[in-house]
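See structure below.
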Amino acid sequence: MSGMSKIVKTSVNILFPLTMIFGLYVIAHGHLTPGGGFQGGAIVASGCAMIVVAYGSKWVFKQIKEKRLSSFESIGGVGFITVALLGLVFSTVFFGNFLAGSNLLFGTTPATGSTGADFNTGGVLPLMNFAVGVKVIAGLFVIVLVMAYASSVKEWDT
Amino acid sequence: MEKRTIVAVLVFAIVAVFFFFSIFLIHPFGKPGQVNMDDHIIANTQNETGTNNGVTSVVFDYRGFDTLGEATILFSAVAGVLMIFRRVKQ
């Protein structure tokens with residue numbers, strides 16, 4: 001599909017940064033607010049799909065190739081399993097939360113009961129949220145982009 | 001009737017009977033049967049996982065294997081789409 005009119009492009013130019021900020025906020029605050037890696041990644045990927053609709057998949061394909069997005073997706077998955085294996089090394093079990101209560105990165109333990117939000121809590125949960133977020137962003141975006149590009153061209157070449 | 005149709009109808013009837021009688025075994029709404037694990041997670045999630053969000057602590061810590069399976073599903077979906085729509089050289 002090719003690009004749409006100038007009105008649509010201008011609207012997308014305004015809406016795209018706001019969607020990015022909101023999605024990345026949902027990913028980063030996954031251990032404090034509703035949401036997390038999957039939900040925030042879906043928000044960011046829908047913002048990228050909006051770019052594909054407005055500017056056309058050929059223009060987006062010139063900016064970024066699907067191999068790079070696919071490798072980003074693999075990096076997210078490998079990071080997720082790496083954090084889980086670090087739990088096996090530094091803690092006792094697979095998916096062990098070795099950072100919680102250690103006073104290191106994200107190591108603060110909140111007081112029991114209803115407390116205010118402290119970003120420096122959660123142990124390995126923010127790291128896993130980030131890895132899953134990268135994975136979902138790249139995965140959903142590459143699905144939308146490749147399908148849109150394949151429906152717009154007659155034959156694949158180069 | 002063919003033999004296959006009779007067998008299919010019989011299997012369907014047996015499964016339907018099991019489903020029908022399972023209605024009477026459902027616990028009342030809002031009253032779960034076993035609450036030990038729920039109480040443990042609600043009481044100890046802030047000490048054990050160090051986060052205020054109980055849902056995220058369940059998804060990424062207590063039930064990490066489930067999330068690993070979800071990530072595997074997404075990975076295989078992306079791999080399948082990229083395999084179907086791969087670039088074919090002329």
Side-chain angles (χ1 to χ4, degrees), chain A residues 29-38 66-67 69-70 73-74 76-77 80-81 84 87 93-97 99-102 106-118 121-126 128-129 131-132 135-136 138-140 142-143 146-147 149-151 155-158, chain B residues 15 19 22-23 25-90:
Chain A
H29 291 74
H31 57 296
L32 298 174
T33 58
F38 284 102
E66 91 272 11
K67 277 185 180 175
L69 284 172
S70 180
E73 205 244 348
S74 301
F80 183 68
I81 297 178
V93 291
F94 197 56
F95 281 102
N97 199 337
L99 282 175
S102 64
F106 301 124
T108 311
T109 302
T112 307
S114 180
T115 58
D118 184 6
T121 58
V124 297
L125 299 186
M128 284 184 175
N129 267 320
V132 170
K135 187 174 167 53
V136 173
L140 292 183
V142 76
I143 286 176
V146 167
M147 282 190 172
Y149 188 72
S151 65
E155 286 184 14
W156 289 79
D157 53 351
T158 63
Chain B
V15 172
F19 270 109
S22 68
I23 292 174
L25 297 176
I26 295 176
H27 52 73
F29 183 75
K31 291 177 181 173
Q34 299 285 333
V35 295
N36 299 333
M37 187 162 287
D38 309 0
D39 291 341
H40 175 84
I41 288 175
I42 291 171
N44 296 322
T45 181
Q46 284 178 314
N47 289 326
E48 287 181 352
T49 68
T51 179
N52 284 329
N53 193 343
V55 177
T56 303
S57 74
V58 170
V59 168
F60 283 103
D61 199 314
Y62 292 110
R63 295 281 179 272
F65 272 113
D66 188 59
T67 310
L68 185 61
E70 288 180 37
T72 312
I73 287 172
L74 182 66
F75 183 81
S76 47
V78 171
V81 167
L82 284 181
M83 199 166 65
I84 291 172
F85 294 102
R86 73 187 188 279
R87 298 176 161 210
V88 179
K89 292 190 176 171
Q90 289 177 342

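Per chain, numbering begins at 1; letters A, B, ... match sequence-line order.
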Handout entry: Exam field: side chain N53(B) to backbone G30(A), donor-acceptor pair closer than 3.5 Å
Key = yes

Exercise for the section: Report the residue from T33(A), L32(A), N129(A) that forms a side chain to side chain contact (heavy atoms under 4.5 Å, CB included) with T56(B). Expected result: N129(A)

Handout entry: Short side-chain to backbone donor-acceptor contact, T51(B) and H31(A), under 3.5 Å
Key = yes

Exercise for the section: Could you note down all residue pairs passing ring pair (Phe, Tyr, Trp, His ring centres under 6.0 Å) where residues 26-53 of chain B supplies at least one of them, sequence neighbours left out? Expected result: none

Problem - Residue part contacting chain B, namely of F94(A), when any heavy atom lies under 4.5 Å - result: side chain

Problem - Closest non-hydrogen atom pair, F85(B) against M147(A) - result: CE1-CG, 3.7 Å

Exercise for the section: Please state whether the side chain, the backbone, both or neither of Y62(B) comes within less than 4.5 Å of a heavy atom of chain A. Expected result: neither

Practice task
Could you check V124(A), L99(A), N97(A) and say which one makes a side chain to side chain contact (heavy atoms under 4.5 Å, CB included) with T49(B)?
Solution key: N97(A)

Practice task
Check the pair T67(B) / F80(A) against side chain to side chain contact (heavy atoms under 4.5 Å, CB included), numbers first and verdict last.
Solution key: CA-CA 10 Å; T67(B) 310; F80(A) 183 68; 3.8 Å; yes

Practice task
Under 4.5 Å heavy-atom distance to chain B, tell me which part of P126(A) shows up: side chain, backbone, both or neither.
Solution key: neither

Problem - V59(B) side chain reached by F38(A) side chain, heavy atoms, under 4.5 Å - result: no

Completion exercise
Counting heavy-atom pairs under 4.5 Å with chain B, the top scorer among I143(A), D118(A), V132(A) is I143(A)

Fill in the blank from the handout: When every non-hydrogen atom of F95(A) is compared with those of F60(B), the smallest separation belongs to CD2-O, 4.1 Å

Expected list for residues 70-84 of chain B: side-chain donor-acceptor pairs under 3.5 angstrom, two or more places apart:
from	atom 1	to	atom 2	distance (Å)
T72(B)	OG1	L68(B)	O	2.6
S76(B)	OG	T72(B)	O	2.9
S76(B)	OG	I73(B)	O	2.9

